Asker: 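Before I ask anything, let me first share the structure, which is written out below as structure tokens.
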Amino acid sequence: MIKWLEYRNSNSKDIVKRSEGESVRILGWVSSKRVHKDKIFLSIRDRYGYLQIVATPEESSDNIFNLAKTIPVESAIAAEGIVKHDPRAPNGVELRLKDLIVISKADIWPVTKSALKSPELMYDKRHLTIRGPRSRAILLIRSGVIKAAMEYFEKNDYVLINAPTFITSAVEGGATLFKLKYFDDYAYLTQSSQFYEEAAICVFEKVYVIQPSFRAEKSRTRRHLTEFWHIEAEAAFADHDDIMKVEEELVSYMLNYLNEHYSGEIKTVKKSGIKIYEPPFPRISYDEALEILHSKGVEMEWGEDFGADEERVLSMQFDTPFFVYGYPASTRSFYHMNDPDRPEVTLSSDLMAPDGYGEITSGGQRIHDYNELYNKIISFGLDPSQYEWYLEIRKYGMPPHAGFGLGVERFMRWILELPHIRDATLFPRTPSRVYP
Ligand code: NSS
């Protein structure tokens, strides 16, 4: 068995610091190959990026030169070579090949040029196509999104909690619940960790979760997944205005963090880079939003929810993220607090991304009073016994509180201008896809 460390004393990032003429070893994959008559260019991919390796008959033995010529792309290899700084090489440095060991030889790559034109075929082979430079960059940025959110919440004294995935009642309405057999009974997959966060704020005051939520959304849109990653936060002794401030601060923090730490990856996906927005973001009421929509020829009545089409039209009118607040009670889940000054609307808002992208977060103030919540559950035609524990926490010192949820993939689709939300996730789940 190969002693790995002996075969890696450098990598595609470290190599830039190595001296001309030094001999180094790296491990990785052959991501692409160009064969000329007397020169072979291998692009090697490792954890850190890409490195150009050049084989010539003068510098490599016949065996090694022939191996470099015939090695299938995506084979896992160990390579040894001489460092050569050359401004023409992609990172300003390349390796002149001396030795090449095939650790795991690849079959002929099955993703043909014609498959590249079919998103469905590409996603059937997602377990392989994630190796491409664009997917690699997007997935790295995604890890940055999660890190940025964690850093923001930790700096602001939020406690990370983990909520269950099997649950017994709907947070966001029964229509999008996934029901499954749970031994002799039934359970559902969680749509949001919000109710568990609400229980936990009576311990920690400020909590957050970063975990998957599930929605049986049949709508096949470019912005819906059946399984998405949800960044949610909840704060005690906080109202709707307070939570909007947290949302805009978080979004701005994430944008700045990504720009600082992932600019290379961002350029791979979007040449112009991402736009940075600083708070405060504009706030318009539902009523004002409706007026804008009417002025653009959209026909809808007060009290109807905005769908993807309405949000697109609305968000085309803005070039910064903006809040729409004061949604009618008829458009929001039962747990939303009605505005005491105007009970037909709720103390809630959605943060909309500009340029047609639409909703990326949704939040608001919750009902903290037992009787008020009980009555609203009844008025929504729901069964209070389904919400027993959620009601009971209101009997034991529940302060005013507010929270929100942000969809990781929605956020990424917006900032990177991805054609489809599935591009923002490793193995997307949609109504027509649970494979691979
Ligand atoms: O349904 S939400 O609008 N609100 C909630 O789930 C609240 N219970 C969150 C909370 O207050 N703790 O979803 C919140 C966000 C929404 O703005 C989207 O960004 C994202 O979650 N979301 C989705 N992303 C991808 N696919 C689907 N199907 C999806 N549904 C919501």
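The shown structure was predicted, so the numbers you read here are calculated from the model rather than taken from an experiment.
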Asker: Before accepting this row, confirm whether a basic side-chain N of the pair Asp423/Arg222 lies closer than 4.0 Å to the acidic partner's carboxylate O.
Answerer: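 So Asp423 does not pair with Arg222 through a salt bridge.
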Asker: Do the charged groups of Asp305 and Arg332 touch, with an N to O distance under 4.0 Å?
Answerer: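 No, Asp305 and Arg332 are not salt-bridged.
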Asker: Name all pairs fulfilling the salt bridge (Lys or Arg N to Asp or Glu O under 4.0 Å) condition that reach into residues 371-398, sequence neighbours left out, sorted by first residue then second.
Answerer: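 Every pair satisfying salt bridge (Lys or Arg N to Asp or Glu O under 4.0 Å) with a residue in residues 371-398: Glu198-Arg394.
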Asker: Considering residues at least two apart in sequence or located in another chain, which fulfil the side chain to side chain contact (heavy atoms under 4.5 Å, CB included) criterion with Glu74?
Answerer: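 Checked Glu74 against side chain to side chain contact (heavy atoms under 4.5 Å, CB included); matches are Trp29, Ser31, Arg45, Ala106, Trp109, Arg131.
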Asker: Quick test of your reading: applying salt bridge (Lys or Arg N to Asp or Glu O under 4.0 Å), list the pairs with at least one residue in residues 144-166, sequence neighbours left out, ordered by first then second residue.
Answerer: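 Qualifying pairs, neighbours excluded: Glu151-Lys155.
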Asker: Looking only at atom types and distance, does a side-chain atom of Lys206 sit under 3.5 Å from a main-chain N or O of Asn156, one as donor and one as acceptor?
Answerer: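 It does hold such a pair.
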Asker: Do the two ring centres, one from Tyr208 and one from Phe153, sit under 6.0 Å apart?
Answerer: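 Ring centroids of Tyr208 and Phe153 are less than 6.0 Å from each other.
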Asker: Under the rule for side chain to side chain contact (heavy atoms under 4.5 Å, CB included), what residues qualify as partners of Ser193, not counting sequence neighbours?
Answerer: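 For Ser193 the side chain to side chain contact (heavy atoms under 4.5 Å, CB included) partners, ignoring immediate neighbours, are Ala163, Val209, Gln211, Glu232.
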Asker: Please report the shortest heavy-atom distance between Tyr435 and Asp124, naming the atom on each side.
Answerer: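 In terms of heavy atoms, the two residues are closest at CE2-O, 3.8 Å.
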Asker: Under the rule for ring pair (Phe, Tyr, Trp, His ring centres under 6.0 Å), what residues qualify as partners of Tyr196, not counting sequence neighbours?
Answerer: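 Ring pair (Phe, Tyr, Trp, His ring centres under 6.0 Å) list for Tyr196, sorted by chain: Trp389.
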Asker: Can you tell me how far apart CZ (Phe322) and CG (Leu314) are? Round to the nearest 0.5 Å.
Answerer: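 Spacing of CZ (Phe322) from CG (Leu314) equals 4.0 Å.
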Asker: Under 6.0 Å between ring centres, would you say that holds for Tyr286 and Phe306?
Answerer: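 Judged by ring-centre distance (under 6.0 Å), Tyr286 and Phe306 do meet the cut-off.
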Asker: In terms of the angle between their ring planes, are Phe195 and Phe334 parallel, tilted or perpendicular, with boundaries placed at 30° and 60°?
Answerer: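 The arrangement is perpendicular - the two ring planes meet at more than 60°.
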Asker: What salt bridge (Lys or Arg N to Asp or Glu O under 4.0 Å) pairs are there with at least one residue in residues 163-189, not counting sequence neighbours?
Answerer: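 For residues 163-189, and leaving out neighbouring residues, there are no salt bridge (Lys or Arg N to Asp or Glu O under 4.0 Å) pairs at all.
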Asker: Taking the six-membered ring for Trp, are Tyr152 and Tyr257 closer than 6.0 Å centroid to centroid?
Answerer: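 Tyr152 vs Tyr257: aromatic centres not under 6.0 Å.
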Asker: Could you check whether Asn91 and Gln52, counting side-chain N and O atoms only, form a donor-acceptor pair closer than 3.5 Å?
Answerer: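 Note: Gln52 and Asn91 side chains miss the donor-acceptor criterion.
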Asker: Tell me whether Glu344 contacts the main-chain N or O of Ala329 through its side chain, where contact means a donor paired with an acceptor under 3.5 Å.
Answerer: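 Answer holds: no.
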Asker: Salt bridge check, Arg223 against Glu217: does any charged N sit closer than 4.0 Å to a carboxylate O?
Answerer: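 So Glu217 does not pair with Arg223 through a salt bridge.
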Asker: Please check this pair: side chain of His261 against backbone of Ile141, looking for a donor-acceptor N/O pair closer than 3.5 Å.
Answerer: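 It does not hold such a pair.
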Asker: Would you kindly check if the NZ (Lys) or CZ (Arg) of Arg283 is within the cone defined by 45 degrees around the ring axis of Tyr325 and under 6.0 Å from the six-membered ring centre?
Answerer: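 No, a cation-pi geometry is absent between Arg283 and Tyr325.
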Asker: Any chance the side chains of His230 and Ser213 put a donor and an acceptor closer than 3.5 Å?
Answerer: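 Yes, a side-chain donor-acceptor pair sits under 3.5 Å.
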Asker: With a 3.5 Å distance limit and no angle check, can you tell me whether Asp239 reaches the backbone of Asp241 through a side-chain donor-acceptor pair?
Answerer: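 Judged by distance alone, yes, a pair lies under 3.5 Å.
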Asker: Any chance you could measure Ile284, atom CD1, to Phe318, atom CZ, to the nearest 0.5 Å?
Answerer: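 Between atom CD1 of Ile284 and atom CZ of Phe318 there are 4.0 Å.
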Asker: Begin with the C-alpha distance, continue with both residues' side-chain angles, and end with the deciding distance and a verdict on side chain to side chain contact (heavy atoms under 4.5 Å, CB included) for Ile421 and His224.
Answerer: CA-CA 7 Å; Ile421 191 168; His224 284 97; 5.8 Å; no
Asker: His127 and Pro436: which non-hydrogen atoms are nearest, and at how many Å?
Answerer: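 Heavy atoms of His127 and Pro436 come nearest at ND1-CG, 3.6 Å.
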Asker: Any side-chain heavy atom of Met316 within less than 4.5 Å of one from Val313?
Answerer: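 No, too far: nothing below the 4.5 Å cut-off.
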Asker: Quick check: closest heavy atoms across Phe228 and Gly407, and the distance to 0.1 Å?
Answerer: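 Looks like CD1-CA, 4.2 Å.
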Asker: Ignoring hydrogens, what is the shortest heavy-atom contact between Ala78 and Tyr7? Give both atom names and the distance.
Answerer: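 In terms of heavy atoms, the two residues are closest at CB-CD2, 3.6 Å.
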Asker: Salt bridge or not for Glu359 and Arg413, using N-O below 4.0 Å?
Answerer: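 Looking at Arg413 together with Glu359, the answer is no, because their closest N to O distance does not fall below 4.0 Å.
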Asker: Ignoring hydrogens and geometry, is there a side-chain-to-backbone donor-acceptor pair from Ser252 to Glu248 under 3.5 Å?
Answerer: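 Not a single qualifying donor-acceptor pair exists.
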Asker: In Å and rounded to the nearest 0.5 Å, what is the CD1 to CG distance from Ile276 to Asn256?
Answerer: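 Taking CD1 in Ile276 and CG in Asn256, the distance rounds to 4.5 Å.
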Asker: Looking at every heavy atom in both Ala89 and Glu94, which two are closest together, and how far apart are they?
Answerer: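 Minimum heavy-atom contact is CB-OE1, 3.8 Å.
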